[in-house]
2 protein chains.
Amino acid sequence: MAKKITIYDLAQKLNISPATVSRSLNDHPAISQKTKDKVLLVAKETGYRTNKFAANLSKQKSNTIGVIVPKLNSNFMSTVLSGIEKIANDIGYNLIISQSLESEKKEKLNAKTLFDSGVDALLVSLAYETENYDHFTTYTDRKIPLLFFDRVCDLPNCPTITIDNHAAGFDATQHLIEQGCKNIVHISGNLKRSVYSDRFEGYQRALYKSDIPFRKENLYESDLNIENVRTFVERIKNSKHKVDGIFVSNDTFAVHCIKELKKEGYRIPEDIKIIGFNNDPVSEVISPNLTTIEYPGYKMGILAGESIISHLSGSINIQSADQILIKHKLIIRESTQL
Amino acid sequence: MAKKITIYDLAQKLNISPATVSRSLNDHPAISQKTKDKVLLVAKETGYRTNKFAANLSKQKSNTIGVIVPKLNSNFMSTVLSGIEKIANDIGYNLIISQSLESEKKEKLNAKTLFDSGVDALLVSLAYETENYDHFTTYTDRKIPLLFFDRVCDLPNCPTITIDNHAAGFDATQHLIEQGCKNIVHISGNLKRSVYSDRFEGYQRALYKSDIPFRKENLYESDLNIENVRTFVERIKNSKHKVDGIFVSNDTFAVHCIKELKKEGYRIPEDIKIIGFNNDPVSEVISPNLTTIEYPGYKMGILAGESIISHLSGSINIQSADQILIKHKLIIRESTQL
DNA sequence: ATGAATTACGCAACCGATTGCGTAAATTAA
DNA sequence: TTAATTTACGCAATCGGTTGCGTAATTCAT
């Protein structure tokens, strides 16, 4: 059971003051190199470890970044987190990760807990449900850097990182149109979230541009839970107007649609063409391979990390509310091409 | 910009001592209900938030659990983390998550950082590389609960959570044998990790039990990175003895093997039967659907969380080094059955 | 009513590092 | 050699709760 040794112990051993020890350890310019060396040496020998609790208290910062995500266990989200962690780890920050499980209530709770834990910054991807953003004012009031990624909101002066979902939705739909689709269904997530509503608008704009009328019944809003695939396929089957293209806002859902449609005897892409979203690993496993929009999660994580760091280090003016857009890319595979 | 208010402020407002405020806030029995009520009320009104830094310092605990995983972005690991987070969150603990990226060096660094951050407990799934476990003695010395899951090691008095990999490897192989396979290849991860070596032993035992000789060339050890699929398939093709069954220690790798083998003209399961491991979502997307071993990640996370919590709350004797085994299950699908 | 037993709360010493301010010591200038 | 700078370090307050111990206040028993 190793003894806890403090700067006071070191000070005593060296016959100097704790203040000097502290400054030496932090490489403060007002301390001579000779003294620093002595301190560092003894610190090594005794196995001194700085007590973060004390340092945090006196500095009022924790070297910790909080993250709230809807759920950890999705390929996209864990990839983003992986990127964030990489950056945080590289510069010596810890990451406290919590999930809202798509519940606004839990999100509020997590925001509060993380605040009380004294995170130096907060990264958020919103829950489906969240409509009210008051739980973040605690942060903005105290000038704690706050950044939204993927599922963002329009809070003033809050940087966001997303792809251009509007353009991506447009590109996806446009691609289907170019492949000859005349009656395209769009399966969307919760339209309260701009990620989805933007894609939906892009979809509409593409239709409009090609003089294809938008039919209300061609919009299918859901939580993209694959349990709903069945219902959706029924709807396709019973559709008055023959559906020949589907733009799904999520690869996993798209993949299961393909499976189900194939069971129903549809040929893909001959009868129906399908495009997904995210470029999830499953998109290359399904047969036919799924055309999709690449949504670079890791890069998003890296950028989110870097961006929040730069805010923390104060190198960026806190008022400079930036909106980072990451490039998406259309990846054409078999599900939309003969 | 809200003012920071402390227990001293509350004390002043109420004309009582900070000690009483503190005890009231913590529902200490020595304080009358009347006083507690008054304190709570004023605390609410003024928007008092306890300063965790100070509390941590004086209590020498952080209400934080550290986690080190090889990588965040795998379906299995993020599912486990999701379970851990659920438990931690429910009982008011924060989770600091870091990834070793399969590097022993980084794992050591993370262990040190988390220790310095004052985590109350540590959950670890080891990196491929790790052979030396000295970085954990800091924890055991200080009696900080330490638990390994999935990729575990045999440190004395350290609880572990795994499935019975030996039995699972046996079941997988036995299943292939029952389906008529005579020459079964095993694709394993790094055999330094017991998860993999146990499965390998199970594989051997199953062969032995059916009087099938084990051929050295039928063991393929790799990092299970799908870039190696190609090499592996070549090896199958050029094998002296016709391979008719493959047991892969990882679904993702197995799925890509199927893709590649199909390209080479092999029929699955007619020519070669394949069984994977993990029951990853992709296993139900590939055609033919992949037979696999279910490895309940979420449950593992839940158990890991609960177990470490019980150690924390001291309800379990610290010496009671337990080894929790989670039940696995053989899931038979098309890739092994005609 | 009075001593004994409870109950309710305050005092003050921590927890361990940080930091503004002041000053002795060392260096330079005159 | 002495005064003016500069350098190097120490003092002591501070961050905000927590908690052992002591005592005043209240309740109970007789």
Side-chain angles (χ1 to χ4, degrees), chain A residues 2-40 42-43 46-64 92 113 115-120 142 144, chain B residues 2-40 42-43 46-64 92 113 115-120 142 144:
Chain A
K3 284 286 272 302
K4 279 252 196 60
I5 100 145
T6 72
I7 53 169
Y8 295 95
D9 299 327
L10 296 184
Q12 204 167 15
K13 273 201 197 352
L14 288 160
N15 263 318
I16 57 179
S17 79
T20 302
V21 174
S22 171
R23 286 193 252 257
S24 296
L25 260 16
N26 293 309
D27 202 28
H28 190 288
I31 303 294
S32 71
Q33 194 55 47
K34 217 168 50 183
T35 308
K36 282 180 190 170
D37 290 343
K38 278 192 291 188
V39 172
L40 265 328
V42 179
T46 55
Y48 166 82
R49 313 288 289 262
T50 142
N51 183 321
K52 287 270 180 71
F53 297 151
N56 288 347
L57 174 59
S58 87
K59 289 196 298 196
Q60 296 295 331
K61 62 171 309 223
S62 60
N63 253 260
T64 293
T113 307
F115 179 85
D116 284 340
S117 302
V119 295
D120 297 335
R142 297 269 175 92
I144 298 175
Chain B
K3 284 289 271 303
K4 279 252 194 60
I5 101 147
T6 72
I7 53 169
Y8 294 94
D9 299 327
L10 297 185
Q12 205 169 14
K13 272 202 200 347
L14 289 161
N15 262 321
I16 57 179
S17 80
T20 303
V21 175
S22 171
R23 287 194 251 256
S24 296
L25 260 15
N26 292 310
D27 203 28
H28 191 288
I31 303 294
S32 72
Q33 194 55 48
K34 217 167 49 182
T35 308
K36 283 181 189 169
D37 290 343
K38 276 193 293 188
V39 173
L40 266 327
V42 179
T46 56
Y48 166 83
R49 314 287 290 261
T50 142
N51 182 322
K52 287 268 179 72
F53 298 150
N56 289 347
L57 174 59
S58 84
K59 288 196 298 198
Q60 296 296 330
K61 62 171 306 226
S62 61
N63 252 261
T64 292
T113 306
F115 179 85
D116 284 340
S117 302
V119 295
D120 297 334
R142 296 269 175 92
I144 297 174

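Values below: every heavy atom of this structure, side chains too, minus hydrogens, waters and symmetry copies. The chains referred to below are lettered A, B, ... by the order of the sequence lines, with proteins before strands, and numbering in each begins at 1.
- The phosphate of D:dG17 has OP1 or OP2 within less than 4.0 Å of a side-chain N or O from B:Y48.
- Between the NZ atom of A:K4 and the P atom of C:dA17 there is a distance of 10 Å, given to the nearest Å.
- A:K59 has its NZ atom 13 Å from the C1' atom of C:dG16, to the nearest Å.
- Rounded to whole Å, atom P of D:dC9 lies 13 Å from atom CG of A:N15.
- Following rounding to the nearest Å, B:L10 (CG) and C:dC9 (P) show an atom-to-atom distance of 15 Å.
- Distance A:D116 CG to D:dG16 P: 14 Å, rounded to the nearest Å.
- Applying a 4.0 Å cut-off to non-hydrogen atoms, the residues of residues 19-29 of chain A that approach DNA chain C are A:A19, A:S22, A:R23, A:N26, listed by residue number.
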Practice prompt. Assess whether side chain to side chain contact (heavy atoms under 4.5 Å, CB included) is satisfied between A:D120 and A:I144, documenting all intermediate values.
Written response: CA-CA 6 Å; A:D120 297 335; A:I144 298 175; 5.9 Å; no
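- The backbone N or O of B:I16 sits nowhere less than 3.5 Å from a side-chain atom of B:T20 that would complete a donor-acceptor pair.
- In terms of modelled atom types and a separation under 3.5 Å, the side chain of B:K38 and the main chain of B:Q33 share no donor-acceptor contact.
- If you check every strand for non-hydrogen atoms under 4.0 Å, B:F53 touches nothing.
- When rounded to the nearest whole Å, the span between CD1 of B:I31 and C1' of C:dG10 equals 10 Å.
- Across all their heavy atoms, A:V119 and A:S62 have their closest contact at CA-OG, 3.8 Å.
- Listed for the A:T35 side chain is no donor-acceptor partner under 3.5 Å among the backbone atoms of A:I31.
- Toward the 5′ end of DNA chain C lies the nearest nucleotide of B:K34, the other residue of the pair B:K34 and B:L57 mapping further downstream.
- Judged by distance alone, the side chain of A:S22 and the main-chain N or O of A:P18 form no donor-acceptor pair under 3.5 Å.
- Between its opening and closing five pairs, the helix from C:dA1-D:dT30 to C:dA26-D:dT5 changes axis direction by 40°, a value rounded to 10 degrees.
- Atom NZ of B:K13 has 12 or fewer heavy atoms from other residues, nucleotides or ligands within 6.0 Å.
- Checking A:K36 against B:A55, the closest nucleotide of DNA chain D that is more toward the 5' end is the one next to A:K36.
- Rounded to an integer number of Å, the gap from B:Q33 CD to C:dT7 P is 15 Å.
- For A:S117 (side chain) and A:T113 (main-chain N/O), a donor-acceptor pair under 3.5 Å exists by modelled atom type.
- Applying the side chain to side chain donor-acceptor pair (under 3.5 Å) test to pairs two or more places apart or on separate chains, those with a residue in residues 49-60 of chain A are A:R49-B:D116.
- Side-chain N/O atoms of B:T50 include none lying less than 4.0 angstrom from OP1 or OP2 on D:dG17.
- In terms of position along DNA chain C, the nucleotide closest to B:T35 lies nearer the 5' end than the nucleotide closest to the other residue of the pair B:S58 and B:T35.
- For the pair B:Q60 CD and D:dG17 P, the computed distance is 16 Å after rounding to whole Å.
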